Number of protein chains: 2
Amino acid sequence: MTGSAREPRRPLTRRRVLEVAVDLADRKGLEALSMRKLGEALEVEAMSLYGHVANKDDLLDGMIDAVFTEIDLPSADDGWRAAMRQRALSVRAVLRRHRWAIGLMESRTYPGPATLAHHDAVIGALRAGGFSVPQTAHAFSVLDSYIYGFALQEKGLPFQTADEAAEVAQAMFAQIPVDRYPHFVELATQHALQPGYDYGEEFEFGLDLILDGLERLHRP
Amino acid sequence: MTGSAREPRRPLTRRRVLEVAVDLADRKGLEALSMRKLGEALEVEAMSLYGHVANKDDLLDGMIDAVFTEIDLPSADDGWRAAMRQRALSVRAVLRRHRWAIGLMESRTYPGPATLAHHDAVIGALRAGGFSVPQTAHAFSVLDSYIYGFALQEKGLPFQTADEAAEVAQAMFAQIPVDRYPHFVELATQHALQPGYDYGEEFEFGLDLILDGLERLHRP
DNA sequence: AGGCTCACCCTTACGCCGTAAGTCTCATGG
DNA sequence: CCATGAGACTTACGGCGTAAGGGTGAGCCT
């Protein structure tokens, strides 16, 4: 009964556990990621996972660091501005692929190696671009706040496509006293709900506004 | 045994449930807020709460809206820039009081009345300041992304005071290969860990940078 | 006064969760 | 050939959100 011709079952490793966990979160959402479900996905009992992660928090920390691995490291070769722009777009692309990640960064506080390497490369590109240490701190703070904040906003939207947006808006307008929020309604109907509008495109506007500001700070 | 001279026990209302829930989350953290614990704090069984909130998600939605109630609504009387600056500071102050809230905005998608009123006032102040509808959308997006992103960053810090920061830094440097992250270490030791440094002060730098950018967009 | 209704609150129970503690299995090396 | 040890499995505990149903007392109608 035991040693029959089962498929040999690849051995569990921390790496494989993290990979499957990320995939599961991508497909089913973070709230569907329990130790038992993850075990099931790996064809293993939940408790076996504890040989490779200390506990669920450790699992989540590992997942975040795995996500950071996917972000392109900025290089200062084409100047700080190009480097910052490219890495901002890369962060955003990655956070779009892994929508659950932004919600986790809130609570996971101790950075893993990929996270540290990322931060180091960003700071390095700014320093190489001629930013002083305090200026670098400023720049790093605005940029990261903006990038993560935008991802947070985008995640909060109850829709992804324009069609969904229209549906949701209709449902909302049906429920709320429309004339109490005239400006909100104006913005929604005259702009956000127009065909072709995509909130995602706001990202680059804000990004360039901030980069312009940093440019002025840097070379006034 | 039943009808003895108990203190009369104020009746449960949705309002009171939300108040106590917010207070509990403030004091013990969001993960300590369960229906049972909340019931205990209200001297009531958990199931009794369901007369006043539909389920836990509804409770969380209500808590978020309660938080928005505390934010000062911007008025356009002193110009859009002053209005945006003051409301940004107010949002930040409120999110500092209720650190759990920022982590919730990620997933709560349907805005309550206070949230809508807030958004409406912000949009109204920008429109009154002369921003076109698309410009208003841009401005709203950058500002909110930045404000919430900054709060997220701040929440992610594993320390609050400078002393704690030094402790945490020491613990971290002891664990990681310091020479692999030279720029990160430089920024930390030469700047962030200096006495008197407070990450919170970075907020206004970024805020003013963005407001400057919006001013240029608006009156080029 | 007696009985009805209805609003609240309570009790019980179910299936899920993270994980502590202990057990089984089997490839390996002496 | 057996001892060892790693790695997976089993069992169990307390806590979670909440479905279903039971009590109880205030207010109203006859």
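Letters go in sequence order (proteins before strands), and every chain restarts at 1. As a basis for the values below, the full set of heavy atoms in this structure was taken, side chains included, without hydrogen atoms, waters or symmetry mates. On a predicted model such as this, the values are computed, not experimentally measured, just so you know.
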Classify the side chain of B/R36 versus the base of D/dG17 as yes if they form a donor-acceptor pair under 3.5 Å and no if they do not. yes
Could you work out which one of D/dA8, C/dC10, D/dT10 sits closest to the side chain of A/E45? D/dT10
Rounded to whole angstrom units, what separation is found between the CG atom of B/L49 and the P atom of C/dC9? 9 Å
Interatomic distance where CD belongs to B/E31 and P belongs to D/dC16 [whole Å]: 12 Å
Face-on cation placement of A/R92 at A/F203 ring, 6.0 Å and 45° thresholds: yes
Whole angstrom is fine here: how far is it from CG in A/L42 over to C1' in D/dC9? 15 Å
When the distance from CG of B/N55 to P of D/dG17 is rounded to whole Å, what number comes out? 11 Å
Closest to the B/Y50 side chain: D/dG17, C/dC10, D/dC9? D/dG17
When rounded to whole Å, the CE to C1' distance for the pair B/M35 and C/dC10 reads 15 Å
Looking at C/dC17, I'd like to know if its phosphate oxygens (OP1 or OP2) sit under 4.0 Å from a side-chain N or O belonging to A/K37. yes
D/dA19, D/dT10, C/dC9: which one has an atom nearest the side-chain heavy atoms of B/M47? D/dA19
When the distance from NE2 of B/H52 to P of D/dT18 is rounded to whole Å, what number comes out? 16 Å
Under 4.0 Å, counting only non-hydrogen atoms across every strand here, what does B/S34 touch: a base, just sugar-phosphate, or nothing? sugar-phosphate
What do you reckon, is CD of B/Q170 surrounded by more than 12 foreign heavy atoms closer than 6.0 Å? no
Exceeds 12 heavy-atom contacts within 6.0 angstrom, atom CZ of A/R15: no
Taking CG from A/D58 and P from C/dT19, how many angstroms apart are they, rounded to a whole number? 10 Å
When you match A/T13 and B/K56 each to their closest nucleotide on DNA chain D, which lands nearer the 5' end? A/T13
Go through the side-chain N and O atoms of A/H118 and A/R87 and say whether any donor and acceptor fall under 3.5 Å apart. yes
Distance in angstrom units between A/L38 CG and C/dG18 P, rounded: 10 Å
Tell me whether the OP1 or OP2 atom of C/dC8 has a side-chain N or O from B/S48 closer than 4.0 Å. no
Partner of B/M63 under side-chain contact (heavy atoms from CB on, under 4.5 Å), picked from B/V17, B/D58, B/L33, B/V53, is B/L33
